[in-house]
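Remarks on the structure that follows.
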Amino acid sequence: MIRWLRVVLPTNYLLGAGLLFLLLAGIPVLARLAFMREVAFPLEDPAGLGLIGMLAAAYGVYRVAAYHPIYQKEYREWLERTPWRFGLPLPLGPVHLVLQDLVPLAILLGLALLFEQFEWRHAPALFAGPYLLALMAA
């Protein structure tokens, strides 16, 4: 399962940064839980929802920047020197969206559903907008 998912997951450093962002979003919730022993759901913290939106946007840009040869000079030059040709899968992973992309996006969507201000209709744009902009620039 992990090997199947590892195709699109960010590096450990980026995953750590994402977890740090989520921890920062959860500090107000944890403080309310520790001091008041009560947390009302859905949450009312717009900053936490903003952090989740930024993570979704960052994941969209990451999916293109990490796998597209245009953004990685050494990778592009290596592909030019090898017998790789159009139609073959890229060695580092696919630039296009694959089924594995649903897992991190579903986790972010699940976290966003905890917030009162979250509009589910805007969820696809949080990821797809930055992803398509980065892809267009390539």
Side-chain angles (χ1 to χ4, degrees):
M1 173 73 175
I2 295 295
R3 185 175 290 170
W4 176 79
L5 188 58
R6 197 68 193 155
V7 172
V8 296
L9 278 183
T11 62
N12 292 337
Y13 298 112
L14 291 175
L15 283 175
L19 289 175
L20 180 65
F21 267 3
L22 289 177
L23 178 64
L24 291 175
I27 285 176
V29 176
L30 294 175
R32 276 185 263 157
L33 184 62
F35 295 115
M36 295 181 239
R37 303 279 188 231
E38 174 180 318
V39 175
F41 287 99
L43 301 174
E44 299 174 357
D45 183 22
L49 187 58
L51 284 174
I52 292 171
M54 287 187 336
L55 283 174
Y59 181 67
V61 172
Y62 165 80
R63 276 296 283 127
V64 176
Y67 296 101
H68 203 294
I70 289 290
Y71 290 112
Q72 297 184 22
K73 182 181 177 190
E74 293 175 1
Y75 181 40
R76 181 178 63 247
E77 290 172 352
W78 178 81
L79 281 176
E80 290 170 353
R81 293 188 307 263
T82 63
W84 183 88
R85 61 177 167 73
F86 180 77
L88 294 174
L90 287 169
L92 288 186
V95 175
H96 61 280
L97 297 177
V98 291
L99 188 62
Q100 291 94 324
D101 287 311
L102 291 178
V103 174
L105 293 175
I107 291 169
L108 290 174
L109 179 64
L111 290 171
L113 287 173
L114 297 175
F115 291 88
E116 182 179 20
Q117 298 91 350
F118 179 69
E119 292 283 336
W120 66 270
R121 294 170 294 188
H122 302 293
L126 292 174
F127 167 77
Y131 172 81
L132 291 173
L133 284 173
L135 198 57
M136 238 175 31

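Note that CG of L108 is 11.0 Å distant from CG of L113, once rounded to the nearest 0.5 Å. Taking CG of L135 as the reference point, atom CZ of R63 lies at 10.0 Å (rounded to 0.5 Å).
The main-chain N or O of A134 is found under 3.5 Å from a side-chain atom of Y71 such that the two form a donor-acceptor pair.
Pairing each heavy atom of Q72 with each of A66, the nearest pair is NE2-O, 2.5 Å. Across A125 and P130, no two heavy atoms sit closer than the pair O-CD, 3.7 Å. Of all non-hydrogen atoms in I52 and A112, the two that sit nearest each other are CD1-N, 3.9 Å. Counting all heavy atoms, side chain and backbone alike, L109 lies closest to A123 at CD1-CB, 4.0 Å.
Between F127 and Y131, the two ring planes are parallel [angle under 30°; tilted spans 30° to 60°].
When hydrophobic residues (I, L, V, M, F, W, Y) are linked wherever their side-chain heavy atoms come within less than 4.5 Å, the members clustered with M136 are L133.
A chain of hydrophobic side-chain contacts below 4.5 Å, direct or via other Ile, Leu, Val, Met, Phe, Trp or Tyr residues, connects Y67 to V64. Hydrophobic cluster membership is shared by L97 and L90, with clusters built from Ile, Leu, Val, Met, Phe, Trp and Tyr side chains linked at under 4.5 angstrom. L102 and V61 fall into different hydrophobic clusters, where Ile, Leu, Val, Met, Phe, Trp and Tyr residues are linked whenever their side-chain heavy atoms come under 4.5 Å apart, directly or through other members.
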Could you tabulate the donor-acceptor pairs under 3.5 Å formed by side-chain atoms of residues 74-81, not counting sequence neighbours?
residue, atom, partner, partner atom, Å
Y75, OH, L92, N, 3.3
R76, NH1, P69, O, 3.3
R76, NH1, I70, O, 2.9

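Residues that satisfy the side-chain hydrogen bond (donor to acceptor under 3.5 Å, both in side chains) test with Y59, not counting sequence neighbours, are D101.
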